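Working notes for the structure below.
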Amino acid sequence: MRKKWARVLLSSLLAAALFTGCSNASTGGTQTEAGTTNETTGEKVKVSLLVTGSFGDKAFNDSAQEGMKQVAEQLGDKVEVEMIEMGNDKTKFEGSLLDASESDSDIIIVGTWDMKEILEETAPLFPEKKYIIFDTDVDYAASDLSNVYSMSYKQNEAAFLAGVLAASATTSDMPYANEEAIIGFIGAKDTAAVINDSAVGFIQGAQFINPDIKVNVSYVGSYVDSAKAKELALTQYASGADCVFVAAGPASVGVIEAAAESQKYVIGVDSDQALAYEGTEEAEFIISSAIKGVGTTIFSSIERDLEGNLPYGTYELLGLAENAVGLADNSIYQSVVSEEIRTAVEDAKASLLEGKVSVDTAYGMDEATLKGIISSAQ
């Protein structure tokens, strides 16, 4: 503990010294505060992405990695890119962020609620650094977080479209579909608002197509237990569900395996999981994915920063209107899903964008209301 606080004190003193020195300069060099860039010196801005877990998750982290690759490819004349895997040991997350903050990185990107409190404690110690956090917000009232931009996604909107797709597919003549209107949802943790947001959207999207549809709902209790996720999916498929939407992070791979074994459909999450499984047996059963454009929004955030337009010190909630969420449209979707169903999905999307249809969110929703929505589809 003594070592930790000594390190924090040193960081604070260094930050204060750097900030004082830079603020007395008449022209910018390296970044001095959240609104400045390195354009005056011609030096590249160094952007570091720190992910919890590792790459290769076929979901969030891979999407973030793609966004950083896009930054390197399209903004490489101005930006230097670094990507760091922090692993699954949460006790090391704080140290990793401190290391990055003490390095020569100019912009540091982290994601999800796992990093929320850690970032809230760290960012004020390094006012000369810029921070971006995705898929969560931060408490701007708790301390000076004017150097932090936070963004999250309206996954309930993407999930609504997934519900429209699943409800339409289950009553169609698709090769593996049932005649009964039974579909399923498998989430990570029932205590996570971000997961329940997808559950709510999915159920309401399904009921938009068929008010009497049955939606089986199960929770893994973990983001990484793919074996448990597979077990739950096999049970749902055996009980009559022919299309399951999964929102369980890395554990989602278990549901995809179960879909292939059961020869029934699955809708993936976060990134285009059919492309991640391209060339495998599993791919043909992933009819679409409810995408959070983590990579897209990371790229746009860096682009906006370079233009001086990224609003540090604020939180933005991004959805269909910002092209930050949606359903994956690939060759499997085009070949397996009928034109009639694809049209129904597009019509539902248009209705959401035009405000003709609204979808509830689990954020701020009381437990009784949430349970009521889930029970309405049992």
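None of these values were measured; they are calculated from a predicted model.
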- Message: Let me confirm one number: the CG-CE distance from Leu97 to Met86, rounded to the nearest 0.5 Å.
- Response: 7.5 Å

- Kindly compute the distance separating CD1 (Ile133) from OG1 (Thr136), expressed to the nearest 0.5 Å. 5.5 Å

- Task: Determine, for Asp77 against Lys44, whether the closest basic-nitrogen to carboxylate-oxygen distance falls under 4.0 angstrom.
- Result: no

- When you measure from the side chain of Asp62 to the backbone N and O of Gly56, does any donor-acceptor pair fall under 3.5 Å? yes

- Message: Hydrophobic clusters here meaning ILVMFWY residues chained together by side-chain heavy-atom distances under 4.5 Å, can you tell me if Val164 and Ile291 are in one?
- Response: no

- Give a yes or no on whether Leu318 and Leu352 share a hydrophobic cluster (residues Ile, Leu, Val, Met, Phe, Trp, Tyr; joining criterion: side-chain heavy atoms under 4.5 Å apart). yes

- Query: Is Ser262 reaching over with its side chain to a backbone N or O of Ala259, donor-acceptor style, under 3.5 angstrom?
  - Reply: no

- Item | Asp135 vs Val194, side chain to side chain contact (heavy atoms under 4.5 Å, CB included): CA-CA, chis, key distance, verdict | CA-CA 9 Å; Asp135 203 38; Val194 66; 4.1 Å; yes

- Heavy-atom side-chain contact between Val345 and Lys349 under 4.5 Å: no

- Message: Measuring only between side-chain heavy atoms, which start at C-beta, is Ser289 closer than 4.5 Å to Ile286?
- Response: yes

- Note on the structure: Interatomic distance, CG@Leu165 vs CD1@Ile209, rounded to 0.5 Å, equals 9.5 Å

- So, Ser105 versus Ser48: side-chain donor-acceptor pair below 3.5 Å or not? yes

- Task: May I ask you to say whether Lys154 pairs ionically with Glu322, meaning some side-chain N is under 4.0 Å from a carboxylate O?
- Result: no

- Message: Quick one, Ser150 with Tyr140, criterion side chain to side chain donor-acceptor pair (under 3.5 Å). Give me CA distance, side-chain angles, the key distance, then yes/no.
- Response: CA-CA 10 Å; Ser150 59; Tyr140 289 101; 2.9 Å; yes

- Item | Whether over 12 other heavy atoms sit under 6.0 Å from Gln74 CD | yes

- Glu66/Asn61 under side chain to side chain contact (heavy atoms under 4.5 Å, CB included): CA gap, chis, key distance, verdict: CA-CA 9 Å; Glu66 286 302 312; Asn61 290 347; over 6 Å; no

- Item | Minimum-distance pair of heavy atoms, taken over all atoms of Ala241 and Asn216 | CB-ND2, 4.3 Å

- If we only count heavy atoms from C-beta on, is the Glu80 to Val47 side-chain gap below 4.5 Å? no

- Message: Under a 3.5 Å distance rule, please check whether Gln273 uses its side chain to pair with a backbone N or O of Val269 as donor and acceptor.
- Response: yes

- Whether over 12 other heavy atoms sit under 6.0 Å from Glu339 CD: no

- Message: Assess whether a salt bridge exists between Lys129 and Asp106, defined as any Lys/Arg side-chain N lying under 4.0 Å from an Asp/Glu carboxylate O.
- Response: no

- Query: Can Asp242 and Thr170 be said to form a side chain to side chain donor-acceptor pair (under 3.5 Å), step by step?
  - Reply: CA-CA 6 Å; Asp242 54 20; Thr170 196; 2.7 Å; yes

- How are the rings of Tyr223 and Trp113 set relative to one another: parallel (under 30°), tilted (30 to 60°) or perpendicular (over 60°)? tilted

- Message: Can you confirm whether Ile267 sits close enough to Val246 that some side-chain heavy atom of one is under 4.5 Å from a side-chain heavy atom of the other?
- Response: no

- For Ile186 and Ala229 the tightest heavy-atom approach is CD1-O, 4.2 Å

- Report the C-alpha distance between Gln207 and Ser376 in whole Å, list the side-chain angles of each, state the deciding distance to 0.1 Å, and finish with yes or no for side chain to side chain donor-acceptor pair (under 3.5 Å). CA-CA 9 Å; Gln207 291 175 333; Ser376 71; 3.1 Å; yes

- Kindly say whether Ala227 contributes a backbone atom to a donor-acceptor pair with the side chain of Glu231 at under 3.5 angstrom? no

- Considering all heavy atoms of both residues, which atom of Leu145 and which atom of Ala123 are nearest to each other, and what is their separation? CD2-CB, 4.0 Å

- Task: For residues Ile183 and Lys214, determine if any side-chain heavy atom of one lies less than 4.5 Å from a side-chain heavy atom of the other.
- Result: no

- Message: Using a strict threshold of under 4.0 Å (side-chain N to carboxylate O), is an ion pair present between Glu316 and Arg304?
- Response: yes

- Message: I want to check something: taking the side chain as every heavy atom from C-beta on, are Val255 and Lys230 in contact at a cut-off of under 4.5 Å?
- Response: no

- Message: Distance check, rounded to the nearest 0.5 Å: Asp360 atom CG versus Gln204 atom CD?
- Response: 4.0 Å

- Item | Residues that Lys371 engages under side chain to side chain donor-acceptor pair (under 3.5 Å), provided they are two or more places apart | Glu367

- Message: Donor-acceptor pair, distance only, cut-off 3.5 Å: does the side chain of Ser103 make one with the backbone of Ala100?
- Response: yes

- Message: Testing the basics here: between Ala274 and Asn330, what is the closest heavy-atom pair and its distance to 0.1 Å?
- Response: CB-ND2, 3.6 Å

- Message: Can you see whether Glu340 engages Ser338 through a side-chain donor-acceptor pair at a distance of less than 3.5 angstrom?
- Response: no

- Answer yes if the side chains of Asp197 and Gln155 hold a donor-acceptor pair under 3.5 Å, and no otherwise. yes

- Item | Evaluation steps, side chain to side chain donor-acceptor pair (under 3.5 Å), between Ser218 and Gln236 | CA-CA 9 Å; Ser218 303; Gln236 287 203 8; 3.0 Å; yes

- Would Lys116 and Val110 count as a side chain to side chain contact (heavy atoms under 4.5 Å, CB included) if you check the C-alpha gap in whole Å, the side-chain angles of each, and the deciding distance to 0.1 Å? CA-CA 9 Å; Lys116 172 183 167 71; Val110 295; over 6 Å; no

- With the side chain counted from C-beta on, respond yes when Ile302 and Ile132 share a heavy-atom pair under 4.5 Å apart, and no when they do not. yes

- Is the backbone of Gly295 close enough, under 3.5 Å, to the side chain of Ser63 for a donor and an acceptor to pair up by distance? yes

- Check whether any side-chain N or O of Ser226 sits under 3.5 Å from a backbone N or O of Val253 as a donor-acceptor pair, and report yes or no. no

- Any idea how Phe185 and Phe202 line up, ring-wise: parallel (<30°), tilted (30 to 60°), or perpendicular (>60°)? tilted

- Query: Got a second to check how far Thr191's OG1 is from Asn196's CG, nearest 0.5 Å?
  - Reply: 8.0 Å

- Worked verdict on Val359 versus Glu157 for side chain to side chain contact (heavy atoms under 4.5 Å, CB included): CA-CA 7 Å; Val359 55; Glu157 292 184 345; 4.1 Å; yes

- Message: Is the distance between the ring centroids of Phe208 and Phe160 under 6.0 Å?
- Response: yes

- Query: Is there a side-chain contact between Leu125 and Ser101 (heavy atoms, below 4.5 Å)?
  - Reply: no

- If you measure only the distance, is there a donor-acceptor pair under 3.5 Å linking the side chains of Thr369 and Asp366? yes

- Task: May I ask you to decide if the ring planes of Phe285 and Tyr265 are parallel, tilted or perpendicular, using 30° and 60° as cut-offs?
- Result: tilted

- Any idea which heavy atoms bring Ser239 and Ile182 closest together, and the distance? O-CD1, 4.2 Å

- Message: Between Thr297 and Tyr153, is there a side-chain donor-acceptor contact under 3.5 Å, judged purely by atom types and distance?
- Response: yes

- Message: Given 3.5 Å as the limit, does a donor-acceptor pair link the side chain of Glu120 with the main chain of Asp139, or not?
- Response: yes

- Query: What distance do Leu327 atom CG and Arg342 atom CZ have between them, rounded to the nearest 0.5 Å?
  - Reply: 12.5 Å

- For the residue pair Ser146 and Tyr312, what are the closest heavy atoms and their distance? O-CB, 3.3 Å

- Item | Pairing of Lys46 and Asp104 as salt bridge, 4.0 angstrom limit | yes

